[in-house]
Amino acid sequence: MEFCRLNIPQMNQKKNKGLIYYLSQIVDKRRAAGQRHKLVVVLLIIIIGTMSGCQGYRSLGDFVKRHRKELIKLLGIKRKEVPSYSTIRRVLMAIEVSQLSEAFYLWALHRFKIDKNEWVAIDGKSIKGTVVASSQSMQDFVNLVSLYASKKHLVLGITKSNNKKESEMQVVQEVLDTLELKDVIFTLDALHCQKKRYEKS
């Protein structure tokens, strides 16, 4: 399972951190020589562009061109240059996407307080294109498990797992242990209605 591998303090820390703090925990695998933009700047632009509806490298590259002046001012880019399409592409190909997702969700959990008695829907969905041996009883596929806070309209986390290596029940239990959510109401499929399954949560 790929979830919360960043070197970040426990979820119940009192002092909230900004998104830049969480993004700065992601390992930069690029060579130091020739770097024009810090990794956190490129990641912030990717997130802003994605939230604006951009999908894919080209779309993000066009977004940067359209909002060049605003991005330079907003992000305090001293070189007066914005990351190019090729830079965005290289960064996305090099980083661990799961770490980027984790950083964003951990920030969101601190930024948006989850109130008592919040309804958190948990669901797992298989990715059709990853199914192997579809005719066999024990299929192999990638499964995505998501947690959604209904009242806040906020996705608390998404994690993926391999069906042959671990069950959805195991993945959900580990996610719940990691997020440390308290005094909330969980809704799950009938698959999870097993004795002693979530007694720790």
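At most 12 non-hydrogen atoms from other residues, nucleotides or ligands lie less than 6.0 angstrom from NZ of K38. Heavy-atom neighbours of R58 CZ from other residues, nucleotides or ligands within 6.0 Å: at or below the threshold of 12.
Checking each of V42, I20, L44 against L75 for a side-chain contact (heavy atoms from CB on, under 4.5 Å) leaves exactly one that passes, namely L44. In summary, of the residues considered (K151, K182, K152), a salt bridge (charged side-chain N to carboxylate O under 4.0 Å, His left out) with D115 occurs for K152 alone.
Residues V184 and W119 do not share a hydrophobic cluster, defined by chaining ILVMFWY side chains whose heavy atoms lie under 4.5 Å apart.
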Query raised in the report: side-chain contact (heavy atoms from CB on, under 4.5 Å) between D28 and V40: does it pass, once the steps are laid out?
Result: CA-CA 9 Å; D28 190 349; V40 66; over 6 Å; no
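Note that CG of L71 is 10.5 Å distant from CZ of R66, once rounded to the nearest 0.5 Å. Atom CG of L19 sits about 9.5 Å away from atom OG of S24, to the nearest 0.5 Å. Here the CE-OG distance, from M93 to S86, works out to 12.0 Å after rounding to the nearest 0.5 Å. The line from CG of L23 to CG of L39 is 8.0 Å long, rounded to the nearest 0.5 Å. Of the inter-residue distances, the one linking I48 atom CD1 with C54 atom SG reads 11.0 Å to the nearest 0.5 angstrom. Here I185 contributes atom CD1 and K116 contributes atom NZ; the two are 10.5 Å apart, rounded to the nearest 0.5 Å.
For the ring pair (Phe, Tyr, Trp, His ring centres under 6.0 Å) test, residues two or more places apart in sequence or in another chain that qualify with F63 are H67.
Here the closest non-hydrogen pair linking I45 and P83 is CD1-CD, 3.4 Å. When all heavy atoms of I26 and A103 are compared, the pair lying nearest together is CD1-CB, 4.1 Å.
Ion pair R36/E81 flagged as a salt bridge, since at least one NZ, NE, NH1 or NH2 atom sits closer than 4.0 Å to an Asp/Glu carboxylate oxygen.
Annotation: side chain of K65 is not in contact with side chain of V82 (no heavy-atom distance under 4.5 Å).
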